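Below: the structure, in structure tokens.
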Amino acid sequence: MTATRTPGVPAIDEGSLISTNPASGDEVGRFPVASADHLTGAVAAARDAAAWWAGLGFAGRRKRLLAYRSVLTNRLAELAELMHHEGGKPTADALVEAIAAIDHIAWAAHRARKVLGRRRVGSSILLKEHAAYLEYLPFGVIGVIGPWNYPVLTPMGSIAYALAAGNAVVFKPSEYTPAVGQWLVDRFAEVVPEQPVLQIVHGMGEVGGLLCRAGVDKIAFTGSTATGKKVMAAAAETLTPVLLECGGKDAMIVAADADLDAAAAACVWGGLTNAGQTCVGIERVYVAEQVFDQFLGRVVARAAKLKVGADGGADIGPITMPAQIDIIRRHIEDALTRGGRAVLGGAEAVQPPFVSPTILVDVPEDAAAIQEETFGPTLTVTRVRDAAEAVRLTNGTGYGLGGAIFSKTQGLQLARQVRSGMTSVNSALTFAGMPSLPFGGVGGSGFGRIHGADGLREFTRPKAVVKRRGPTLLAAMTFDRTEKTMEQIVKVVRLVHGRSK
Ligand code: NDP
């Protein structure tokens with residue numbers, strides 16, 4: 001941690017990826033860049049490890065995963081400090097993120113058997129003499145590609161569930177957060193020293209591309225929509241299945257009957273936590289006209305109090321990826337040029353590597369700040385006639401990840417109308433910390449699910465088995481069938497399926 005480099009810009013020096021703090025430029029760590037040969041070797045080793053790991057069974061894996069969860073819990077402070085140091089996020093944000101990840105590991109470990117284990121399912125009336133069994137078997141080796149913004153929670157949403165299902169994992173962290181990724185993998189090796197069940201490969205984007213082509217059985221990608229398309233194209237070459245957790249442009253709807261204090265608090269948190277660098281961050285707010293002024297006043301008052309800075313106790317840290325600052329600046333300037341107003345912050349809020357909270361109003365719906373992912377501490381707040389108009393505008397982008405609704409009476413009903421994978425009613429972002437619920441998007445936000453029972457099944461292939469239990473009375477699936485048997489079968493089918501109700 002000695003040399004000082006361009007803050008936040010990862011560099012490669014003598015075959016090592018160098019990670020730096022986004023505010024100070026302090027070097028955080030050096031990690032060997034993986035070659036194509038290294039990746040092939042890693043996947044081959046993972047394949048052996050996967051067989052061993054699957055052989056431990058649900059109970060054996062559960063024990064190891066719970067031990068891993070305990071190690072992370074007991075070293076939380078150290079992990080949070082590293083997350084702050086490498087990504088710049090405030091220490092409290094780092095703690096909240098790591099705690100959510102720990103909860104997911106525990107849930108996946110506890111529930112894997114119940115969700116995936118072999119069970120009897122109903123049989124057909126025409127095959128009554130057969131028993132039907134269903135179980136979910138691991139794919140083998142999963143390639144996990146992660147982003148930098150939540151370097152613990154997002155990859156762990158795939159890693160923990162893939163491991164609990166019985167797979168080995170080869171993990172490529174973002175080039176912006178390799179040290180956090182390495183720390184997570186090293187801790188796992190302490191509780192599972194026998195085999196390389198969880199490995200890490202470092203490098204820039206092309207190493208992610210190599211991983212897609214290295215013979216893994218599934219790719220779980222979390223990152224931008226643009227990169228997600230490249231991952232899917234690479235995986236198509238070998239018909240490797242993909243799970244894509246991509247970007248978002250989530251909206252909050254504030255209905256006329258909302259608790260405005262609670263809505264404003266959740267809006268400021270949901271939009272500005274982690275400096276707005278949150279895939280499910282609130283970026284747009286649609287507010288019923290009756291309560292618009294009161295709500296806006298509360299939001300501005302809260303956002304104006306937030307402390308921006310590089311120290312761990314700040315509310316809003318630096319923008320982790322320097323290139324993102326240009327996008328944030330462009331969105332603010334475009335909104336202002338097109339008739340929008342900044343009621344807090346504005347163009348001058350962009351002071352690299354920091355961006356102060358910026359609240360924009362009167363922004364046209366086709367502006368970049370409404371249509372594209374901004375990924376900064378900015379919010380557009382738009383007046384609407386009613387909840388129906390709010391839903392229509394909420395659904396007006398190509399993304400569909402999460403979102404929030406504040407209403408005392410219509411929350412669940414409106415939630416169903418929003419085209420997204422998750423919605424929080426009378427809170428923001430809470431679905432991400434709920435291990436029992438699936439997490440993922442639609443449209444430009446990707447497909448497939450992490451978390452919950454669906455997140456466990458995502459890393460498995462269903463295995464269907466039918467077992468004869470006794471002699472067949474009406475044998476249709478044989479060349480020994482007789483005309484009489486077929487007549488009897490048709491009679492039974494008429495009885496069972498011939499009625500209109
Ligand atoms: P990127 O798409 O830039 O990168 C994601 C990962 O993909 C990184 O590890 C990156 O490596 C790697 N990568 C880059 N190019 C390729 C390639 N050609 N083939 C394979 N892998 C590649 O996203 P960011 O890291 O900037 O993350 C921010 C984005 O992630 C935002 O859009 C955000 O919304 C989204 N996100 C989505 C979440 C979800 O659950 N839906 C959760 C969190 C974030 P490298 O960093 O070395 O370039």
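Indexing begins at 1, ligand by ligand and atom by atom, following the structure's order. The first residue of the sequence shown is numbered 1, and numbering continues consecutively from there. These numbers were taken from a predicted model, which means no experiment stands behind them.
- Near Pro173, the atoms of ligand 1 lying under 4.0 angstrom from a non-hydrogen atom of the residue are 9 (O).
- Residue contact annotation: Gly203 has a non-hydrogen atom under 4.0 Å from ligand 1.
- One distance of note links CD1 of Ile405 with OG of Ser424; it measures 9.5 Å at 0.5 Å rounding.
- In terms of heavy-atom proximity, Arg329 sits nearest to Pro352 at NH2-CG, 3.9 Å.
- Residue contact check for ligand 1: Gly441 places no non-hydrogen atom closer than 4.0 Å to it.
- Remark: ligand 1 atoms within the under-4.0 Å shell around heavy atoms of Met204 are 47 (O).
- When hydrogens are left out, the protein atom nearest atom 40 (O) of ligand 1 is Phe439 CE2, 3.1 Å; that is the closest non-hydrogen contact.
- A salt bridge links Lys249 to Glu283: at least one charged side-chain nitrogen sits closer than 4.0 Å to a carboxylate oxygen.
- Contact of the Leu437 side chain with the Met422 side chain is not registered, since no non-hydrogen atoms from C-beta on lie closer than 4.5 Å.
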**OP:** Evaluate side-chain contact (heavy atoms from CB on, under 4.5 Å) for Ile359 paired with Leu296, printing each intermediate quantity in order.
**Re:** CA-CA 9 Å; Ile359 314 289; Leu296 183 63; 4.0 Å; yes

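- Here the protein heavy atom with the shortest distance to atom 23 (O) of ligand 1 is Ser224 N, 3.3 Å.
- Residue Phe375 has no N or O atom closer than 3.5 Å to an N or O atom of ligand 1.
- Looking from atom 9 (O) of ligand 1 to the surrounding protein, the closest heavy atom is Gly146 O, 2.7 Å.
- In this structure the side chain of Leu210 never reaches within 4.5 angstrom of the side chain of Glu206, judged on heavy atoms.
- Atom 19 (N) of ligand 1 has as its closest protein heavy atom Gly209 N, 3.3 Å.
- Contacts between Ile450 and ligand 1, counted as non-hydrogen atom pairs separated by less than 4.0 Å, are absent for every part of the residue.
- Ring geometry, Trp53 versus Phe188: the interplanar angle exceeds 60°, so the pair is classed perpendicular (tilted spans 30 to 60°).
- Residue Thr222 has no nitrogen or oxygen atom sitting less than 3.5 Å from a nitrogen or oxygen atom of ligand 1, judged on distance alone.
- Aromatic ring pairs are classed by plane angle as parallel below 30°, tilted from 30° to 60° and perpendicular above 60°; the pair His451 and Phe439 is tilted.
- Considering backbone and side-chain atoms together, Ser445 places no N or O closer than 3.5 Å to any N or O of ligand 1.
- To the nearest 0.5 Å, atoms CG (Leu163) and OH (Tyr68) are separated by 8.5 Å.
- In this structure, the protein non-hydrogen atom closest to atom 10 (C) of ligand 1 is Lys172 NZ, 4.0 Å.
- In terms of protein heavy-atom proximity, atom 34 (O) of ligand 1 is nearest to Glu373 OE2, 2.5 Å.
- Looking only at protein heavy atoms, the nearest one to atom 12 (C) of ligand 1 is Ile145 CG2, 3.7 Å.
- If you look at Leu401 next to ligand 1, the close heavy atoms, those under 4.0 Å, all belong to the side chain.
- Those atoms of ligand 1 that come under 4.0 Å of a heavy atom in Gly208, given as number and element, are 19 (N), 20 (C), 21 (N).
- More than 12 heavy atoms of other residues, nucleotides or ligands lie within 6.0 Å of CE in Met204, so this atom counts as buried by the packing criterion.
- Checking only distances, Lys230 never comes within under 3.5 Å of ligand 1, N or O to N or O.
- Among all protein heavy atoms, the one lying closest to atom 42 (C) of ligand 1 is Cys279 SG, 2.6 Å.
- Atom OG1 of Thr358 sits about 7.5 Å away from atom CD of Glu348, to the nearest 0.5 Å.
- Those atoms of ligand 1 with a heavy atom of Thr154 less than 4.0 angstrom away are 42 (C), 43 (C).
- Taking only nitrogen or oxygen atoms, main chain and side chain alike, Glu175 reaches within less than 3.5 Å of ligand 1.
- For Lys172 and Phe221, the positive end is not near the middle of the six-membered ring at less than 6.0 Å and at most 45° from its axis.
- The shortest heavy-atom distance from Trp148 to ligand 1 is under 4.0 Å.
- Applying the 4.0 Å criterion to heavy atoms of Asn149 picks out, from ligand 1, the atoms 43 (C), 44 (C).
- Close contacts between ligand 1 and Phe221 involve ligand atoms 2 (O), 5 (C), 6 (C), 7 (O) [criterion: under 4.0 Å to a heavy atom].
- Note: Asn274 CG to Asn149 CG = 6.5 Å, rounded to the nearest 0.5 Å.
- For Cys246, the heavy-atom gap to ligand 1 drops under 4.0 angstrom.
- Of the inter-residue distances, the one linking Ile142 atom CD1 with Ile159 atom CD1 reads 11.0 Å to the nearest 0.5 angstrom.
- By the 6.0 Å contact criterion, CZ on Arg111 is open, its count of non-hydrogen atoms from other residues, nucleotides or ligands being 12 or less.
- Looking at ligand 1, you won't find any N or O of Pro147 less than 3.5 Å from one of its N or O atoms.
- Here Glu14 does not pair with Arg30 in a salt bridge; the nearest charged N to carboxylate O distance is not below 4.0 Å.
- Contacts with ligand 1 closer than 4.0 Å are made by no heavy atom of Tyr150, backbone or side chain.
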